[in-house]
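The analysis underlying the following values was restricted to heavy atoms, covering all of them including side chains, and did not include hydrogens, waters or symmetry mates. Bear in mind that the values here come from a model prediction, so they are computed numbers and not experimental data. Lettering of chains follows the sequences in order, A, B, ..., and the numbering in each one begins at 1.
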Number of protein chains: 2
Amino acid sequence: MHISCAHCGLQRICFPKSLSSNEIAQLDQIVSSHPAIPRGSQLFSAGDAADFLYALKSGVVKLSRFDQAGNEIIHAFYLPGDVLGMEALDSPVYPFDAITLDNCTFCRIHRDDLETLAQKIPTLNRQILSMLAQDLRLEREHFDQLLNKTAEERVAAFVLSIANRFHARGLDSTSFRLPILHREVATYLGLTPETFSRVLNRFQNNGWLSWRRKQVDILDAEALQALAEGCAQPECHYRARKRG
Amino acid sequence: MHISCAHCGLQRICFPKSLSSNEIAQLDQIVSSHPAIPRGSQLFSAGDAADFLYALKSGVVKLSRFDQAGNEIIHAFYLPGDVLGMEALDSPVYPFDAITLDNCTFCRIHRDDLETLAQKIPTLNRQILSMLAQDLRLEREHFDQLLNKTAEERVAAFVLSIANRFHARGLDSTSFRLPILHREVATYLGLTPETFSRVLNRFQNNGWLSWRRKQVDILDAEALQALAEGCAQPECHYRARKRG
DNA sequence: AAATGTGATCTAGATCACATTT
DNA sequence: AAATGTGATCTAGATCACATTT
């Protein structure tokens, strides 16, 4: 049973973006809502036939895989309103696992239905391209967060990036629950859990951030921003020369 | 003056992919070919109005920007047949600089013309989506090449990745000219030129690879492959435990 | 039981300072 | 003149080994 996209709070960032009410009605006919699935479920697995796109309504999902050495690589965290499976639109199978990190509800669209409808509705076609471009932008942002960045810069940039995405959804971007394990954030940032823990400790001692269990409170966004943007701290010397 | 895409050797990976000859004729009407531009030119710059897509016919182009600390970040190298500007399809401006690393020839399409034509030709629309998905895949591959990889693993994976792309174009993938400075490859791989130079030296001493000036010769692809895939060397100990 | 925190030790690769090559 | 190569030194963060928390 599908509740119309017209009544969904996420329509501004999901498929219905910029569609007329008539067009949304057409979209409703190919979208199906699904009941909540528990934490740890696989929305899809690497190698599965990529028949569907998934629009996340609530919860958080990680997009990940294991490399040949057995290390987990996490490419993305999806928040409500995000659509999963875009990268497989031109492939027979999904290239990654999509694993729920929380109770999740979602809508599902068969990609053939979507393609047919997008041929009739140029605005929808543009929105599909835009969502794929968004995935590319997020991946490059992720890359930039890691390349030549210290552990502190990575964590600061990550927290702000998540906060911005909460903000874009009209949610509290200063104090929020983030159902991602510290270990998973560390993996996403290319750090060990030990290093991640030590960075959180320093941020806490500086009065910049409180992140206990799954509750995140940003106490000094400006300090985090300054750190994420470069090396704002005086004691950052070894790498400072090229950066000045 | 545009030479028809029907006679272009790159039609199997560029826009005309899977189009009928009738459809290619329609594509020809919105494509314009351009004379060679020299090394160091900007095809477009970050912040420019993103009105055009560029299909590279010959030469190599880097997609890059400078971060707030003044360090160059290189996100991609484009080879003949690749299309630049896809990531800006839903944005008013290009987010990166596209700089030629060699004499380059290219075709150009106005994105409005392309969008109009893609509405009429579903196969073309699918090809556009596919090229954007390809950019995303390459970016994730780039990411995977860096995350938790040693300098040697990065360089081995890079050389093989480039070789694969030459192979996909029907070119010699064992011995080829690559007009990218060592310094730029190092930047792309998140390494210093010094470290890159030392890695090349070791590969040369092992008889795996010769890369002098801009001439690349792969002498032992299997050894490089084993290295890129994990830690194949016995002397790799410190990081080996988790990987075994 | 798994996640997280903490201290001691270790190392890959950055940095620095030049030399050499093109 | 800029790119590349080479040796000496330095350090951020990984690894290891546990303790503590949930």
Side-chain angles (χ1 to χ4, degrees), chain A residues 39-40 69-72 101-102 145-156 177-205 209-216 227 231 233 235-244, chain B residues 39-40 69-72 101-102 145-156 177-205 209-216 227 231 233 235-244:
Chain A
R39 170 184 156 74
N71 300 114
E72 186 179 24
L101 302 181
D102 203 4
Q145 279 176 6
L146 269 62
L147 191 73
N148 298 330
K149 299 289 184 188
T150 65
E152 295 199 347
E153 286 164 358
R154 293 179 198 199
V155 176
R177 181 177 171 277
L178 192 66
I180 310 177
L181 294 176
H182 290 193
R183 183 173 50 71
E184 290 170 317
V185 177
T187 297
Y188 179 81
L189 294 177
L191 301 171
T192 57
E194 294 96 321
T195 298
F196 183 74
S197 165
R198 284 184 252 261
V199 170
L200 283 193
N201 233 310
R202 270 173 270 159
F203 285 4
Q204 173 115 21
N205 289 339
L209 180 74
S210 162
W211 186 342
R212 303 195 73 73
R213 311 207 48 184
K214 288 169 178 170
Q215 180 60 36
V216 180
L227 183 54
C231 212
Q233 290 179 291
E235 66 264 32
C236 179
H237 29 59
Y238 199 61
R239 291 187 151 199
R241 239 143 295 194
K242 270 198 178 170
R243 295 189 171 189
Chain B
R39 169 184 155 75
N71 301 114
E72 186 179 25
L101 302 182
D102 203 5
Q145 279 177 6
L146 270 59
L147 191 72
N148 299 329
K149 300 286 186 192
T150 65
E152 294 199 348
E153 288 165 358
R154 294 180 196 197
V155 175
R177 182 178 170 279
L178 191 66
I180 309 178
L181 294 178
H182 291 194
R183 183 172 50 70
E184 290 169 318
V185 177
T187 297
Y188 178 79
L189 295 177
L191 301 171
T192 57
E194 293 97 322
T195 298
F196 183 75
S197 166
R198 284 184 254 258
V199 170
L200 283 192
N201 233 310
R202 271 173 268 160
F203 285 4
Q204 173 114 19
N205 290 340
L209 179 73
S210 163
W211 185 342
R212 300 195 73 74
R213 310 208 47 182
K214 287 168 179 172
Q215 180 60 35
V216 180
L227 183 54
C231 210
Q233 289 179 293
E235 66 266 31
C236 179
H237 28 62
Y238 198 62
R239 289 190 153 196
R241 240 143 293 194
K242 271 200 180 168
R243 294 188 173 191

Contiguous pairing runs of three or more, Watson-Crick or G-U under 3.5 Å, that involve DNA chain C = C:1-22 with D:1-22

Is atom CZ of A/Arg213 surrounded by more than 12 heavy atoms (other residues, nucleotides or ligands) closer than 6.0 Å?
-> no

What is the distance from CZ of A/Phe203 to P of C/dG5, rounded to the nearest Å?
-> 14 Å

CG of B/Leu189 versus P of C/dG13: gap in Å, rounded?
-> 12 Å

Look at the side chain of A/Arg183 and decide which nucleotide, out of C/dT4, C/dT6, C/dA17, has an atom nearest to it.
-> C/dT4

Please name the pair of heavy atoms, one in A/Gln145 and one in A/Leu189, separated by the smallest distance, quoted to 0.1 Å.
-> OE1-CD2, 4.1 Å

CG of B/Leu147 versus P of C/dG13: gap in Å, rounded?
-> 14 Å

D/dA2 P sits how many Å from B/Arg39 CZ, rounded?
-> 13 Å

Reckon A/Asn201 has a side-chain N or O less than 4.0 Å from the OP1 or OP2 of C/dG5?
-> no

Measure the spacing between NZ of A/Lys149 and CG of A/Leu227 and express it to the nearest 0.5 Å.
-> 9.5 Å

Short side-chain N/O contact to C/dT4 OP1/OP2 from A/Ser197, under 4.0 Å = no

Mapping B/Leu181 and B/Arg198 onto DNA chain D by nearest heavy atom, which one lands closer to the 5' end?
-> B/Leu181

Would you say the side-chain atoms of B/Arg39 pair up with the backbone N or O of B/Leu101, donor to acceptor, closer than 3.5 Å?
-> yes

For C/dA14, does either OP1 or OP2 sit under 4.0 Å from a side-chain N or O belonging to B/Thr192?
-> yes

For B/Arg154 against B/Leu146, the heavy-atom pair lying closest together | NH2-O, 3.2 Å

Please report, rounded to the nearest Å, how far the C1' atom of C/dT22 is from the CZ atom of B/Arg212.
-> 11 Å

Atom-to-atom span, CD of B/Glu184 to P of D/dA2 - whole angstrom = 15 Å

Side chain of B/Glu194: nearest nucleotide among C/dA14, D/dT6, C/dT6?
-> D/dT6

Please round to the nearest 0.5 Å and tell me the distance separating atom CG of B/Leu191 and atom CG of A/Leu147.
-> 9.0 Å

Here the distance between atom C1' of C/dG13 and atom CG of A/Asn148, to the nearest Å, is 12 Å

Note: for A/Thr195 and B/His182 on DNA chain D, the residue whose nearest nucleotide lies more 5' is B/His182

Using atom CZ of B/Arg213 as one end and atom P of D/dA2 as the other, report the distance to the nearest whole Å.
-> 17 Å

B/Arg202 (side chain) and D/dT6 (base): donor-acceptor pair under 3.5 Å | no

B/Pro193 versus B/Arg183, closest heavy-atom pair with distance | CG-CG, 4.2 Å

Looking only at C/dG13, C/dT6, D/dG13, the nucleotide nearest the B/Ala151 side chain is C/dG13

